[in-house]
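Structure first, commentary second.
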Amino acid sequence: MYERKILPNLNCGLDLIGEVLYGKWKIRLLWFIHQGSLRPSELQRKIPDATRRVLNIQLKELEDHELITKKIYPVVPPKVEYSLTDFGKTLIPVIAALGNWGDTHEEHLRTVILKRLNGENE
């Protein structure tokens, strides 16, 4: 397992939010759990580009940061569901605002991202 050698800088809100939300799929995981996708298999279908291992790692980190909770039902086969904590629910308006900003600037963002990607491929 990866062990961090340098402690993160936690001196301001941006450092803290970066530490909690750093990870390619974490914002999407929070959003999909908020929308009602509670089972790992549902989340995997919503984010097919992510491997199950990466999703499990990021779900565990969200759980460690107390943004989500994991409930394991005592049935065979085991059933697992995730839900947002009250603390995690406070992030939903922030995520919604980021999504709205992305929607508003979609054309410009797509252009600059594709330009960068095409520049790397040349």
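It should be emphasised that the depicted structure is a prediction, and the values quoted were computed from it without experimental measurement.
- Contact between N11 and D15 at its shortest, heavy atoms only, is N-OD2, 3.5 Å.
- Judged as a side chain to side chain contact (heavy atoms under 4.5 Å, CB included), and not counting sequence neighbours, the contacts of R110 are E106, L114.
- By the rule that hydrophobic residues join a cluster once side-chain heavy atoms approach within less than 4.5 Å of another member, F32 and F87 end up as members of one cluster.
- Of all heavy-atom pairs between I33 and L38, the closest is O-CD2, 3.8 Å.
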CA sep, side-chain torsions, deciding dist, call: L59, L43, side-chain contact (heavy atoms from CB on, under 4.5 Å): CA-CA 10 Å; L59 284 163; L43 295 167; 4.1 Å; yes
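- The distance from the CG atom of L67 to the CG atom of L62 is 5.5 Å, given to the nearest 0.5 Å.
- Among pairs with a residue in residues 56-82, those fulfilling salt bridge (charged side-chain N to carboxylate O under 4.0 Å, His left out) read K26-E61, K60-D64, K79-E81, at least two apart in sequence or across chains.
- Y73 and Y82 are not part of a single hydrophobic cluster, where members link through side-chain heavy atoms under 4.5 Å apart.
- Partners of W25 under the ring pair (Phe, Tyr, Trp, His ring centres under 6.0 Å) rule, at least two apart in sequence or in another chain, do not exist in this structure.
- Cluster membership check: I17 shares its hydrophobic cluster with W31, using side-chain heavy-atom separations under 4.5 Å among Ile, Leu, Val, Met, Phe, Trp and Tyr.
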So T85 and T69, side-chain hydrogen bond (donor to acceptor under 3.5 Å, both in side chains) or not? Walk me through it. CA-CA 6 Å; T85 63; T69 57; over 6 Å; no
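- Hydrophobic cluster membership differs between V20 and L16, with clusters built from Ile, Leu, Val, Met, Phe, Trp and Tyr side chains linked at under 4.5 angstrom.
- Here Q44 contributes atom CD and N56 contributes atom CG; the two are 8.5 Å apart, rounded to the nearest 0.5 Å.
- Atoms CG and CD1, from L84 and I92 in turn, are 5.0 Å apart once rounded to the nearest 0.5 Å.
- Residues V80 and L29 share a hydrophobic cluster, clusters being chains of Ile/Leu/Val/Met/Phe/Trp/Tyr side chains in contact below 4.5 Å.
- The shortest side-chain heavy-atom distance between L30 and L21 falls under the 4.5 Å cut-off.
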Go through S83 and H34 one step at a time and tell me if the side-chain contact (heavy atoms from CB on, under 4.5 Å) criterion holds. CA-CA 7 Å; S83 59; H34 162 70; over 6 Å; no
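- Pairs passing the salt bridge (charged side-chain N to carboxylate O under 4.0 Å, His left out) check and including a residue from residues 33-51, sequence neighbours excluded, do not occur.
- Among residues at least two apart or in separate chains, there is no salt bridge (charged side-chain N to carboxylate O under 4.0 Å, His left out) pair with a member in residues 92-105.
- Here the straight-line distance linking atom CG of L55 with atom OG of S41 works out to 11.5 Å at 0.5 Å rounding.
- In this structure H65 satisfies the ring pair (Phe, Tyr, Trp, His ring centres under 6.0 Å) test with no other residue, sequence neighbours excluded.
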